[in-house]
2 protein chains.
Amino acid sequence: MIDTTPGGPDTRRRMSIMDKLVALCAHRGFIYPSSEIYGGLNGFWDYGPLGCELRTNLKQAWWQRMVREREDVVGLDSSIIANPQTWIASGHVANFNDPMVDCRECKRRFRADQIAGEVCTEHKKRPLSECPLTEPRAFNLMLQTQIGASEDHSTLAYLRPETCQSIFLDFRRVMQSSRQSPPFGIAQIGKAFRNEITPRNFIFRSREFEQMEMQFFVPPDAAMEWFEHFREYRFGWLRDVGLRSESLRWHEHSDDELAHYAKVAYDIEFQFPFGWQELEGIHHRSDHDLRSHSEHSGKDLSYTDPESKERYTPFVVETSIGVDRCMLALLCDAYREEEVRGDTRTVLGLAASIAPIKAAVLPISKKLAEPAKKLATDLRRRFNTDFDVTGAIGKRYRRQDEIGTPYCVTYDFESETDKQVTIRERDSMEQVRLPLDSVATYLTERVLGF
Amino acid sequence: MIDTTPGGPDTRRRMSIMDKLVALCAHRGFIYPSSEIYGGLNGFWDYGPLGCELRTNLKQAWWQRMVREREDVVGLDSSIIANPQTWIASGHVANFNDPMVDCRECKRRFRADQIAGEVCTEHKKRPLSECPLTEPRAFNLMLQTQIGASEDHSTLAYLRPETCQSIFLDFRRVMQSSRQSPPFGIAQIGKAFRNEITPRNFIFRSREFEQMEMQFFVPPDAAMEWFEHFREYRFGWLRDVGLRSESLRWHEHSDDELAHYAKVAYDIEFQFPFGWQELEGIHHRSDHDLRSHSEHSGKDLSYTDPESKERYTPFVVETSIGVDRCMLALLCDAYREEEVRGDTRTVLGLAASIAPIKAAVLPISKKLAEPAKKLATDLRRRFNTDFDVTGAIGKRYRRQDEIGTPYCVTYDFESETDKQVTIRERDSMEQVRLPLDSVATYLTERVLGF
């Protein structure tokens, strides 16, 4: 068992991996602080050239498995700002609060449930738990704005704190226009915002983030069966995009963790360098959401089975994962340092399906740039391809290893006559020699899977 | 020449096409009003199952041409909310205003430059231009919010009204981490928000929208050459995703339209049913943006050429298009009604690359569902595939025509013995008979282009 108590030796070793990862992300163009030249903004991050490719691939992999490969799930892309009644009906206006305390010494504000490990800045090193603190007060986490032509004619509106509510609002429209009926699901990927009191742990808890959620609408008596189906289905996907099973564990919500409407809820937790934390939730939400929006809107959101004539409000099985924290989990699990012939190489062992760059074409000499570039141009029609002609070949391999590129294609002087190139695989570092005209097919099969 | 003056006969014919398109979009699941069960919210829209597939394909097609096919452009995905200094430096806090007038009779508010065609609701049918109006007042279009733990400790922040500013902020970071140097570009797709006084024309002018922007950083003396390159490049892309050249025209900004920093600016306009309107801008922004952010942040955003040692602030050539209005243009251009053997069919003639569904597998009888479904499952690994077993085959063809599916694959009783299927192309309605095991390759070539 690894000791990950705060301050313990294993936490220190692991935190140093975290520091290295943050540095690699900034240096190689995965993740930067937002608006850094103005001092940044706490809880906001930008994704650089490699970060946004990784993000796109991750979202595509989720969409492929959750929507395109299934006949019974369709997609939705709803607005971030909706009619504010949405958030009254959902209970967020009244209840989406964090308990918050102020330190009477340093005047800073903290989540009451997160003061462990924090220190007072007025009295250096004094643990916050030994400080005089105010009583906890409720603090609503939704960001507000005003919509409309002027302050006196405007409407108070909210930036959504989660993507699922608009799925409930559009349930009937989607069902009718896509000719689906329960059991069926609606999936959505989109941004959400929470005014977190203490954003922390890099991109794990930020104020602007992206969710990938799927709500599956079922007859009440089929809910538990579908719940079990999606537990297995989602765990399988996390493994397929590259997370190790030993980095994942199940956490069942105990009675006092369960939302009042939920029958049963499981989280999949990931062992981040800063400890086990929630990565994905698979929750049985009963008919709470549709019933609540039906009552508030006066619109009928029930369903009548055309054969049995049974009328019911569908139950919802939800799967919900954050793009940003999934990305962080993938980076943490993929990062490794290896000894290779007396040298250390850093590798991001990302699955080929989500790696930002699928293949790098590396001419062994600048004299070979032209024919090698022709190959790169051909590959780019199929998947993201890098082309690099600068520096020693070993150094170029290392650079691709560090950003997770699964295949390097080396074009050498022999290629000119034998029309073959060398393909090097990132993890095994094994090389194969292949005819030029079979490279596209060989790589497509390995990085796109067909 | 088509007469599209407001109220003219051609506008009326075209507006009826617009009405039909809006109805089709709601009925088939392309576009719905946001939070419709609560009465919606003016200027906000949701994209249904087919709408979000079309959107995704459109964004992918742009990204493929602007980033992945080019060695000299890299991507960025920045936060919607950034340090508020960004918008002071950019001039948006001071100047991003619309002139606004109030009607003294009906008390409604209008953009001063958009009162043509509007009527006073107090005195029915009286044109607003004949009403008593207030003097124009400046109205800032940025949506505001508060970030931070409490009202007394919080920071006023803005939802970005355009995506390009964060590209300027991250210019140095991106250049360093991606080993690029001028001439090179940074591309981004993302949401932006504007508190439009009068959202209108379906998704053409909404308050929440998405932009696809690319800023290309060049030595000052190369700016005009790159400007011309991107004018041609962008026009070519619009043609390739399916817009007709007769629906597009160039509009050069006259001296009084030009922003004070711009040297030259062209818009590509599209002939919407409601008239010619801006679709995309290709603008020469000089060194205005980098210079301004450099001055406000105190950070050096200049570049020194390593060979000539020349130091300069790069000039920017920008291409900027809205996802939503591009989608609307594609739908308008694609929509047609045809007489086919005494019957009328509605067709969305979308390019295969952006069509929401690439192929529909249609077993001729429910008895053939199983083997046909096997084919559909195989195709789904490559591209979005529908499966439909309900109703007469002619009716199923019409349904796919109406949502723009380029290929229908019919599995019939003969398929069981000859292992062949019939592929019908949407526009020509021509059919070919092909071996089952060549269908994936045949369609991949046509819908993915390789």
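Below, read A as the first sequence line, B as the second, and so on, with proteins coming before strands; counting in each chain starts at 1.
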Residue, of Arg108(B), Gln176(B), Gln60(B), that accumulates the most heavy atom pairs under 4.5 Å with chain A | Gln60(B)

Kindly indicate whether the side chain of Leu143(A), heavy atoms from C-beta on, has any atom under 4.5 Å from the side chain of Ile81(B).
-> yes

Would you mind checking which part of Glu196(B) comes under 4.5 Å of any heavy atom in chain A, side chain (CB onward), backbone (N, CA, C, O), both or neither?
-> neither

Looking at Phe44(A), Tyr47(A), Tyr32(A), Trp63(A), which makes the most heavy-atom pairs under 4.5 Å with chain B?
-> Tyr32(A)

With rounding to the nearest 0.5 Å, note down the distance linking OG in Ser166(B) to CD in Glu36(A).
-> 13.0 Å

Side chain, backbone, both or neither: which part of Phe110(A) has a non-hydrogen atom closer than 4.5 Å to chain B?
-> neither

Between Gly29(A), Gly39(A), Gly43(A), Gly75(A), the one whose heavy-atom pairs under 4.5 Å with chain B are most numerous = Gly75(A)

Part of Asn140(B) lying under 4.5 Å from any heavy atom of chain A | neither

Look up atom NE2 in His293(B) and atom OG in Ser35(A), then write down how far apart they are to the nearest 0.5 Å.
-> 10.5 Å

Who wins among Leu448(B), Leu76(B), Thr56(B) for the most heavy-atom pairs under 4.5 Å with chain A?
-> Leu76(B)

Any side-chain heavy atom of Arg68(B) within less than 4.5 Å of one from Phe383(A)?
-> no

By a 4.5 Å heavy-atom criterion (distance strictly below it), what part of Arg55(A) contacts chain B: side chain, backbone, both, or neither?
-> side chain

Do His296(A) and Tyr38(B) come close enough that some side-chain heavy atom pair is under 4.5 Å?
-> yes

Could you check Glu71(A) against Lys373(B) for salt bridge (Lys or Arg N to Asp or Glu O under 4.0 Å), going step by step and ending with a plain yes or no?
-> CA-CA 10 Å; Glu71(A) 275 178 53; Lys373(B) 198 170 270 191; 3.7 Å; yes

How about Asn42(B) and Ile147(A): do any of their side-chain heavy atoms sit closer than 4.5 Å?
-> no

Residue part contacting chain A, namely of Phe387(B), when any heavy atom lies under 4.5 Å = side chain

Below 4.5 Å, heavy atoms only, C-beta onward: do Arg399(A) and Arg179(B) meet side chain to side chain?
-> yes

Between atom OG of Ser177(B) and atom CD1 of Ile403(A), what is the distance when rounded to the nearest 0.5 Å?
-> 10.5 Å

Looking at Ser178(B), Ala157(B), Cys52(B), which has the largest count of heavy-atom pairs under 4.5 Å with chain A?
-> Cys52(B)

Arg207(B), part contacting chain A, at a heavy-atom distance under 4.5 Å = side chain

Salt bridge flag under 4.0 Å for residues Arg381(A) and Glu69(B) = no

Between Asn195(B) and Thr145(A), is any pair of side-chain heavy atoms under 4.5 Å apart?
-> no

Assert top hit (heavy-atom pairs under 4.5 Å, partner chain B, pool Thr86(A), Ile197(A), Leu141(A)) equals Thr86(A)

Mind ranking Ala376(B), Pro84(B), Ser206(B), Pro49(B) by heavy-atom pairs under 4.5 Å with chain A and telling me who comes out on top?
-> Pro49(B)

Separation of Leu54(B) CG from Asp77(A) CG (nearest 0.5 Å) = 11.5 Å

Pair count under 4.5 Å, heavy atoms only, with chain B: among Arg172(A), Gln188(A), Gln144(A), highest is Gln144(A)

Please round to the nearest 0.5 Å and tell me the distance separating atom CG of Asn83(A) and atom CD1 of Ile37(B).
-> 9.5 Å

Can you check whether Ile80(B)'s main-chain N or O pairs, donor with acceptor, with Glu208(A)'s side chain at less than 3.5 Å?
-> yes

Per-residue tally against chain B (heavy atom, under 4.5 Å) across Phe193(A), Trp45(A), Phe450(A), Phe209(A) peaks at Phe450(A)

With only heavy atoms counted, which part of Ala440(B) is less than 4.5 Å from chain A, the side chain, the backbone, both or neither?
-> neither

Look only at the side chain of Gln64(A) and the backbone of Arg380(B), and say whether a donor-acceptor pair between them is shorter than 3.5 Å.
-> yes

Let me know if Leu50(B) has heavy atoms under 4.5 Å from chain A in its side chain, its backbone, both or neither.
-> neither

Can you say whether Phe30(B) sits under 4.5 Å from chain A via the side chain, the backbone, both, or neither, judging by heavy atoms?
-> neither

Answer yes or no: is there an ion pair linking Arg173(B) with Asp46(A), defined by an N-O contact shorter than 4.0 Å?
-> no

Asp388(A) versus chain B, heavy atoms under 4.5 Å apart: side chain, backbone, both or neither?
-> side chain

